[in-house]
Each structure stands twice: as C-alpha cells, then as structure tokens.
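None of the values given here were measured: they were computed from a predicted structure.
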Amino acid sequence: APARHARDVLVVGGGPGGMKLAETAARRGHEVTLVERDTELGGQIRYAGMLPHRAAWTHLVEDLAGALERLGVETRLGTELTAADAREFGADVTVVATGSIWDTSGRSIGRIEQTSIPQAAGSAVIDPITAIATPDSCGDRVVIVDDNGEIVIYETDGAPPTEHINVLEKVGSGDTQMEHGRSHFY
C-alpha cells in the first residue's frame, strides 16, 4: 500500500536486509537513498554465492539490485557513514541495516559451557567471510568447527578451500562418525 506521506529514507547498509527495506520503502512511494560501505551490494550473501554449488544465492542480490534501479533508489557504494554523517544527511527516517560480524572467539549460543576455541600455538581463527574472500589465509591444514559441535579436519593440498579438499577426519555431533582420507568436492 502506498504511504500516506512520502518521506526521505536513508538506509545504511547494502546487504540483503538493507536492499529489501530500500525496495519496500521505494515501492510505497518514499524517496530512498541506500549507502553501502563496500564497493558492491549484497553483504555476506555475495560471499556465500562464491562457494561451489551456491552461485544461485547471488540471484537474490541481482534481483534486489535490479529492483532498486527500476524504482529509482539512489545507491551510494564505497561510502562509510558515521552517526554524525547520518544526522547531517537529514533524512526523515534513517534505518541502520549493517548486518552482523562472525564471532571467532569460540563462544557458542547452543553450548553455553563453551567459551573459546582451543588453539595450537601459531594457529589462527578466521571467520567464513575471510576464508572465502582470501582462501590463502586458511593455510594447508584446516579445522572447521560449527555451532552444532561438528568438527572437520582437512587438508587443501594447495588448492583453494572452495575447490578440492581431502577430509582427514570428521567427528559428527550426536552420533560420532568418522571419515578418514575421503575426498570431497564442495
């Protein structure tokens, strides 16, 4: 339904949430400006779409970007706003849709007794976005721990982790299952 009073709307954040909000506000007749710190729209969905067999996820970003363009939403990429900048912008409504960041501390919502990830000396804990964006940061031997307690230890054999990996050991949550030396393509 059209808005009773058209307003100037500032959306800070160009991930899927900010994009959808900007689309909805523009469809209702508001003047919308979307500001994104990165040089591309899509947020974390963009990275998920870089994984094998996940390219279709990027269609969401493409569809929303097309809708924003058709609806005349002003999009400013590569622009970081502070709270003062947002106030100075002077919109009637400002929506902050800056997404979230990954917690690499090891704290678990599902396992409150777990407060950290034990690390070997010289090892690093990185988040999934870093692993996807810069595969070299993963190294050749990687341990993946998810919030459900599943642990996968693998070697990349020098290939990016999004291509071919050799699973050395897999310990599943619940029923313990182990796989040794099995090749996987993800």
Q.
When you measure from the side chain of Arg70 to the backbone of Gly66, do you find a donor-acceptor pair of N or O atoms at a distance under 3.5 Å?
A. yes

Q) Do the side chains of Val73 and Val12 join up, straight or via other hydrophobic residues, at under 4.5 Å, putting them in one cluster? A) no

Q | Point-to-point distance, once rounded to the nearest 0.5 Å, from CG of Leu68 to NZ of Lys20 | A | 9.5 Å

(Q) With a 4.5 Å cut-off on side-chain heavy-atom distances among I, L, V, M, F, W and Y, is there a chain of contacts connecting Val93 to Leu21? (A) yes

Q. Once you round to the nearest 0.5 Å, how far does CG of Leu64 lie from NE2 of His59?
A. 13.0 Å

Q) Do side-chain atoms of Thr130 reach the backbone of Ile126 as a donor and acceptor pair under 3.5 angstrom? A) no

Q) In Å, rounded to the nearest 0.5 Å, how long is the span from CH2 of Trp57 to CE of Met50? A) 14.0 Å

Q: Grab the two heavy atoms, one from Glu74 and one from Arg76, that are nearest each other, plus how far apart they are.
A: OE2-NE, 2.7 Å

Q. Which one of Leu10, Val11, Val95 satisfies the side-chain contact (heavy atoms from CB on, under 4.5 Å) criterion with Val32?
A. Val11

(Q) If I compare all heavy atoms of Arg46 with all of Thr58, which pair ends up nearest, and what's the gap? (A) O-CG2, 4.4 Å

Q. If you take all heavy atoms of Ile45 and Pro16, which pair is closest and at what distance?
A. CG1-CG, 3.5 Å

Q: Evaluate whether atom CD of Glu31 has more than 12 neighbouring non-hydrogen atoms of other residues, nucleotides or ligands under 6.0 angstrom away.
A: no

Q.
Could you measure the distance from the CE atom of Met19 to the CG atom of Asp63? Nearest 0.5 Å is fine.
A. 9.0 Å

(Q) Let me check something: do Tyr47 and Val61 share a hydrophobic cluster, defined by ILVMFWY side-chain heavy atoms less than 4.5 Å apart, either directly or through other members? (A) no

(Q) For Arg7, is there any backbone N or O sitting under 3.5 Å from a side-chain donor or acceptor partner on His30? (A) yes

Q. Atom CG in Leu41, atom OG1 in Thr75: separation rounded to 0.5 Å?
A. 6.0 Å

Q | Interatomic distance, Glu23 atom CD to Arg28 atom CZ [nearest 0.5 angstrom] | A | 13.0 Å

(Q) For Thr94 versus Ala86, what's the shortest heavy-atom pair and its separation? (A) CG2-CB, 4.3 Å

Q: Given side chain to side chain contact (heavy atoms under 4.5 Å, CB included), test Leu77 with Thr79 step by step and report yes or no.
A: CA-CA 5 Å; Leu77 301 177; Thr79 304; over 6 Å; no

**Q.** For the student: nearest non-hydrogen atoms of Leu34 and Gly18, plus distance
**A.** CD1-O, 3.6 Å

Q: Taking all heavy atoms of Ala67 and all of Arg27, pick out the closest pair and write down the distance.
A: CB-NH2, 4.2 Å

(Q) In the structure I gave you, are the side-chain heavy atoms of Val35 and Phe89 within less than 4.5 Å of one another anywhere? (A) no

